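Heads up: the structure comes next, in structure tokens.
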Amino acid sequence: MSPSSPSPILVADPLAATLRPQAAAVEAAIRRVLASGRYILGPEVEGFEREFAHYLGAGGEAVGVANGTDALELALRAAGVGPGATVATVANTVTATVAAIAATGAQPRLVEIDPVTMTMSPDHLAEVLASERIAAVVPVHLYGQPADIASLAALAERHGAVLVEDGAQAHGATRAGRKLGTWGRFGAFSFYPTKNLGALGDGGLVWCRDAADAARVRALRQYGWTQRYISETTGRNSRLDELQAAVLRVLLPGLDAANARRCAVAERYLAAFAGTPLRLPPRDPGAVYHQFAVRTPRRDALRDHLVAAGVQAAVLYPVPVHRQPGYQQPGTSLPETERACAEVLCLPVHPGLTDDEVERVIGAVQSWRP
Ligand SMILES: *Cc1c(COP(=O)(O)O)cnc(C)c1O
């Protein structure tokens, strides 16, 4: 890097900014776990499960698991989804969403997206539900942007399909005042370090509307045990550990403030880019802007321009899941999804950005001539 080039605006380390003001509390939580001698499924996990369920505000129970992929898989398995079943989701997501469905033995059915929200299209889901037997529907609240969850939930209910929300990018997001992840029978969350609520490693959680489902997920996360050493069903090892739970308990009370900062940055971008040729995310009061995703057919040129200006813009996600070798579906055609993947560019929006950095991002975008 030449001496005159500006220091890069990082998108990669939002957790450091969240942790810095909390360093003493995080260290105290880690010491508490060290002193306790309990490292797996102890009081910190139970405490965090209670506190996160309370935060979601819809009753039910939360069950900590090892990561967000497992949260989706165990929710589906608790709903009885397995080989022979078909599960509807979208292709413009982290591969994890589809990987979790495939891990149950079920067949993923990829549904087209709405071009404005870039989330599952209720119209396309209705077409699929009318012609195929779908056991479960897994909408993704991509970039912290709420899917049309009321319509999707109503469709799933009408066709007897289980609704499992992928809330891995939407901790704290709402629709009509109700938290995303609580609209169906299950909500799945990830605490991967870069998520809106991130741990210091892997972590995940399943929110369950019903206590019986929560008991099933608890058994599935530990070899199918309902009592120690006795497996009632087959299961997995997918436990949240005490250290991660203790850290998450420190960070959860700051989640709303961190989301509010993301929203303030997003508002600034929405205002500043209104006159540009960029296609902007819809203004949604329930969004939590895990990413701020703009669209342009000249995406690669914009990315190169921003990177040269020191702005770390990211292409999330470049290849829809049905075009990835490990999960490819050669017969699947999803033009809106493919267009979104070709056009989308994510600008830095994490809560650690200073006002000055936000203005530098804006200046860099506005100086682009398509
Ligand atoms: C991160 C993420 C996952 C997977 O979570 P992991 O904790 O990495 O397993 C699933 N779906 C979406 C939309 C994600 O962003």
Side-chain angles (χ1 to χ4, degrees), residues 11-12 14-15 48 52 62-77 87-104 108 110-111 113 117-120 136-147 149 152 163-173 180-181 184 186-207 217 220-221 236-241 244-245 247-248 251 259 262 281 287-293 314-321 324 326-327 337 340-341 344 346 349-350:
V11 290
L15 186 59
F48 178 65
F52 197 79
V63 184
V65 297
N67 55 63
T69 313
D70 283 1
L72 289 163
E73 181 195 332
L74 298 192
L76 289 167
R77 289 177 60 165
V87 177
T89 190
V90 290
N92 63 329
T93 178
V94 183
T95 314
T97 314
V98 178
I101 295 167
T104 68
L110 301 173
V111 178
I113 57 169
T117 62
M118 292 190 272
T119 60
M120 186 183 281
V137 178
V138 184
V140 180
H141 302 294
L142 193 70
Y143 313 131
Q145 186 78 46
I149 194 65
L152 297 171
L163 181 65
V164 180
E165 291 175 84
D166 183 341
Q169 302 192 357
H171 319 68
L180 302 185
F186 299 93
F189 293 89
S190 164
F191 306 115
Y192 184 83
T194 58
K195 310 289 186 183
N196 291 40
L197 180 62
L200 301 183
D202 277 313
L205 179 141
V206 186
W207 177 84
V217 176
L220 284 167
R221 78 174 164 183
R236 291 266 321 275
N237 172 2
S238 181
R239 297 174 296 225
L240 180 62
D241 64 60
Q244 300 305 342
V247 170
L248 287 164
L251 299 181
N259 281 341
R262 288 175 184 270
V288 293
Y289 296 98
H290 176 64
Q291 301 287 348
F292 188 88
V315 176
L316 304 173
Y317 298 91
V319 181
V321 179
Q324 298 174 25
Y327 293 90
T337 300
C341 289
V344 77
C346 295
V349 71
H350 65 78

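Count residues from 1 along the sequence. Because the structure is a prediction, the values reported are computed rather than measured. Each ligand, and each atom within it, is numbered from 1 in the order the structure gives.
Between Thr337 and Asn92, the side chains place no donor N or O within less than 3.5 Å of an acceptor N or O (distance only, hydrogens not considered). For the residue pair Thr119 / Gln145, no side-chain donor-acceptor distance below 3.5 Å is found, with atom types taken as modelled.
Residue, atom and distance of the protein heavy atom nearest to atom 4 (C) of ligand 1 are Ala96 CB, 3.4 Å. Ranking the protein heavy atoms by distance from atom 14 (C) of ligand 1 puts Lys195 NZ, 3.0 Å first. Of the protein's non-hydrogen atoms, the one nearest atom 9 (O) of ligand 1 is Thr69 OG1, 2.5 Å.
In this structure, Arg221 contributes its side chain and Val65 its backbone to no donor-acceptor pair below 3.5 Å. Between the His141 side chain and the Ala147 main chain, a donor and an acceptor come within less than 3.5 Å of each other.
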Sequence neighbours excluded and cut-off under 3.5 Å, please list the side-chain donor-acceptor pairs for residues 196-203, or say none.
from	atom 1	to	atom 2	distance (Å)
Asn196	OD1	His290	ND1	2.9
Asn196	ND2	Asn259	OD1	2.9
Asn196	ND2	Val288	O	3.2

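Atom numbering of ligand 1 starts at 1 in the shown order; those under 4.0 Å from a heavy atom of Val140 are 13 (C). For ligand 1 and Thr97, the ligand atoms under 4.0 Å from any heavy atom of the residue are 11 (N). Each of the following atoms of ligand 1 lies closer than 4.0 Å to a heavy atom of Thr93: 13 (C). Near Gly68, with a cut-off below 4.0 Å to any heavy atom, the atoms of ligand 1 are 5 (O), 6 (P), 7 (O), 9 (O).
A heavy-atom distance below 4.5 Å is found between the side chains of Thr89 and Leu110.
Under the 30°/60° scheme for interplanar angles, the aromatic rings of Phe191 and His171 are found to be tilted.
Contact annotation for Asn67 and ligand 1: heavy atoms of both the backbone and the side chain come within less than 4.0 Å of the ligand.
Some N or O of Asp166 is nearer than 3.5 Å to an N or O of ligand 1, by distance alone. Between Ser190 and ligand 1, at least one N/O pair is under 3.5 Å apart.
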